[in-house]
> 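First the structure, then my questions, so here it is.
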Protein chains: 2
Amino acid sequence: MSCQNAEQLARCLPAARRTRQRGAVLHVLVDCTEFVSAQQLHALITADGIAVGLTTVYRMLRELEVYDRVDVVRDEAGERLYRLRPFGGHRHYLVCRSCGRSRPVDAEVVEAWVDRVGETTGYAAVEHTVELTGICATCRPTS
Amino acid sequence: MSCQNAEQLARCLPAARRTRQRGAVLHVLVDCTEFVSAQQLHALITADGIAVGLTTVYRMLRELEVYDRVDVVRDEAGERLYRLRPFGGHRHYLVCRSCGRSRPVDAEVVEAWVDRVGETTGYAAVEHTVELTGICATCRPTS
DNA sequence: GTTGAAAATGAAAATCATTCTCTAATAGGG
DNA sequence: CCCTATTAGAGAATGATTTTCATTTTCAAC
Ligand SMILES: [Mn+2]
Ligand SMILES: [Mn+2]
Ligand SMILES: [Zn+2]
Ligand SMILES: [Zn+2]
């Protein structure tokens with residue numbers, strides 16, 4: 001089910017030791033096809049019958065974020081949602097406000113625009129956040 | 001100093017009554033040229049010698065948001081920052097991560113891209129968040 | 001000018017995701 | 001096995017925002 005391998009992922013991180021907990025977080029995260037919050041992820045791991053502290057889940061997600069292995073978005077409540085980054089660069093997503101399912105969108109246009117803004121304005125180290133939400137076909141009430 | 005008028009703004013909201021507090025929030029907000037948090041705004045009002053509860057400030061900002069009179073961004077800590085919306089439609093901003101100064105950017109390209117994504121994917125009611133941050137010329141260390 | 005119902009206020013408490021602290025557990029090299 | 005630096009995690013702390021609810025205020029009607 002994994003589009004990435006948990007062991008491989010572990011090797012990208014600087015952790016000195018291999019623990020049951022770190023393994024569990026990565027294994028479950030690899031199987032997540034949608035964005036999940038730290039708490040949801042913790043619940044999923046727990047549901048698998050593995051005991052891992054919430055603190056550890058938060059720690060690992062932050063670590064993955066620092067090492068650019070996850071994309072992060074905020075939901076409407078400001079809660080942070082994580083998803084393993086499928087490929088090299090980051091992606092942007094269109095998330096259904098009803099069911100939460102997301103699909104990556106082609107944002108080349110936007111990336112180019114961001115670069116241009118950086119050049120035009122003289123701002124350095126320009127970073128961007130781009131998030132799209134909508135109601136997917138499945139969730140749309142049948143008219 | 002106002003690019004908008006507080007009284008005019010008050011009329012856009014559904015409030016049934018005119019109070020000293022509501023007036024104060026709007027007056028101070030009108031003079032803010034940069035994004036401010038609810039707490040900063042509260043401090044500014046207090047500094048003006050007007051007593052207004054923090055609760056009331058939060059309430060008004062939420063109201064202004066519901067009625068599309070403010071643009072809202074989140075800083076890196078996830079805190080919400082508000083700014084009166086200058087014109088009809090919403091704007092996107094390039095915010096300096098060092099000093100917080102922001103400038104609107106021309107995002108026509110992005111708006112068009114968003115529309116296209118909506119059409120292409122079949123998602124309804126597509127909404128977007130686009131935020132840019134960088135380091136402005138003033139803040140950049142002189143090399 | 002008075003009155004009163006509804007609206008608005010705000011102090012204090014609650015919420016809740018996230019971070020911090022600090023002790024106990026343990027991985028893993030020697 | 002031993003030792004110790006690393007990791008785990010329970011519980012407390014944090015802090016922005018929201019909720020509660022008793023009190024105050026507005027303003028239209030009298
Ligand atoms: Mn991008
Ligand atoms: Mn836009
Ligand atoms: Zn959906
Ligand atoms: Zn700056």
Side-chain angles (χ1 to χ4, degrees), chain A residues 6-7 9-29 35-67 70 72-83 100, chain B residues 6-7 9-29 35-67 70 72-83 100:
Chain A
E7 283 72 34
L9 200 53
R11 262 177 265 121
C12 306
L13 302 175
R17 298 194 183 161
R18 182 150 311 197
T19 65
R20 177 178 58 79
Q21 291 90 336
R22 295 178 66 84
V25 172
L26 294 181
H27 268 103
V28 174
L29 189 57
F35 280 91
V36 288
S37 68
Q39 318 232 12
Q40 286 172 335
L41 184 57
H42 179 252
L44 287 172
I45 298 167
T46 302
D48 269 13
I50 309 171
V52 175
L54 185 54
T55 308
T56 298
V57 174
Y58 273 109
R59 257 195 298 249
M60 289 227 57
L61 287 173
R62 208 179 347 164
E63 203 174 314
L64 288 164
E65 185 182 359
V66 166
Y67 287 88
V70 287
V72 186
V73 300
R74 281 180 183 280
D75 68 13
E76 288 171 14
E79 204 172 339
R80 312 186 66 173
L81 307 180
Y82 303 82
R83 190 192 205 186
Chain B
E7 283 71 32
L9 200 53
R11 260 177 267 119
C12 306
L13 301 175
R17 306 207 174 148
R18 184 149 307 203
T19 66
R20 176 178 59 77
Q21 290 92 336
R22 295 179 67 86
V25 172
L26 295 181
H27 268 104
V28 174
L29 189 58
F35 281 91
V36 289
S37 68
Q39 318 229 11
Q40 286 172 336
L41 184 57
H42 179 252
L44 287 172
I45 297 166
T46 302
D48 270 14
I50 308 171
V52 174
L54 186 53
T55 309
T56 298
V57 175
Y58 273 109
R59 259 195 295 248
M60 288 228 56
L61 287 173
R62 206 177 352 157
E63 202 175 316
L64 288 163
E65 186 182 358
V66 166
Y67 287 88
V70 286
V72 186
V73 300
R74 282 181 181 278
D75 68 14
E76 288 171 13
E79 205 172 339
R80 313 187 64 172
L81 307 179
Y82 303 82
R83 190 193 207 185

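For clarity, every value in this text was computed on a predicted model and none was experimentally measured. Reminder, nothing fancy here: chain letters follow the sequence lines and each chain counts from 1.
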> Check whether any side-chain heavy atom of B:Arg80 lies under 4.5 Å from a side-chain heavy atom of B:Phe35, and answer yes or no.
no

> D:dT6 phosphate, OP1 or OP2: any side-chain N/O from A:Thr19 under 4.0 angstrom?
no

> Can you tell me how far apart CG (A:Leu41) and CG (A:Leu81) are? Round to the nearest 0.5 Å.
11.5 Å

> Start at the 5' end of DNA chain D and walk down; is the nucleotide closest to A:Pro14 or to B:Arg62 reached first?
A:Pro14

> Nearest whole angstrom, please: distance from the P of C:dC16 to the NE2 of A:His42.
18 Å

> With a 4.0 Å limit, can you tell me whether A:Tyr58 has a side-chain N or O closer than that to the phosphate oxygens OP1/OP2 of C:dT18?
yes

> Expressed as a whole number of angstroms, how long is the span from A:Leu61:CG to D:dT7:C1'?
16 Å

> Whole angstroms only, please: what is the CD-C1' distance between A:Glu65 and C:dT18?
13 Å

> So, OP1 or OP2 of C:dA8: does either fall under 4.0 Å of a side-chain N or O from B:Gln21?
no

> Rounded to whole angstrom units, what separation is found between the CG atom of A:Leu54 and the P atom of C:dT19?
10 Å

> Is there a donor and acceptor pair, one atom on the side chain of A:Arg17 and one on the base of D:dA5, closer than 3.5 Å?
yes

> If only side-chain N and O atoms of B:Gln39 are considered, is one of them under 4.0 Å from the OP1 or OP2 phosphate oxygen of D:dA16?
yes

> Is a donor-acceptor pair below 3.5 Å formed from side chain A:Arg80 to base C:dA17, judging by atom type as modelled?
no

> Judged by each residue's nearest nucleotide on DNA chain C, which is more toward the 5′ side, A:Arg18 or B:Ala16?
B:Ala16

> How many angstroms lie between CD in B:Gln21 and CE in B:Met60, if you round to the nearest 0.5 Å?
10.5 Å

> May I ask you to say what B:Ala77 touches in the nucleic acid, namely base, sugar-phosphate or nothing, with a heavy-atom cut-off under 4.0 Å?
nothing

> At 4.0 Å (heavy atoms only), tell me whether A:Ala51 reaches a base, stays on the sugar-phosphate, or touches nothing.
sugar-phosphate

> Run the side-chain contact (heavy atoms from CB on, under 4.5 Å) check on B:Leu64 and B:Tyr82 step by step: do they pass?
CA-CA 9 Å; B:Leu64 288 163; B:Tyr82 303 82; over 6 Å; no

> Mapping B:Tyr82 and B:Arg20 onto DNA chain D by nearest heavy atom, which one lands closer to the 5' end?
B:Tyr82

> To the nearest Å, give me how far apart CD (A:Gln40) and C1' (C:dC16) are.
15 Å

> Ignoring backbone atoms, establish whether B:Thr56 has a side-chain N or O less than 4.0 Å from OP1 or OP2 of C:dG10.
yes

> Out of curiosity, B:His27 NE2 to B:Arg20 CZ, how far, rounded to the nearest 0.5 Å?
14.0 Å

> To the nearest angstrom, how far is B:Arg22 atom CZ from D:dT24 atom C1'?
16 Å

> Tell me what A:Thr55 touches on the nucleic acid: a base, only sugar-phosphate, or nothing, going by heavy atoms under 4.0 Å.
base

> Using whole Å, what does the distance between atom P of nucleotide D:dT17 and atom CG of B:Leu41 come to?
12 Å

> Please determine whether any donor N or O and acceptor N or O are separated by less than 3.5 Å between the side chain of B:Arg59 and the base of C:dG10.
yes

> How many whole angstroms separate atom CE of B:Met60 from atom P of C:dA8?
10 Å

> Starting at CG of A:Leu29, measure out to CZ of A:Arg83 and round the result to the nearest 0.5 Å.
10.5 Å

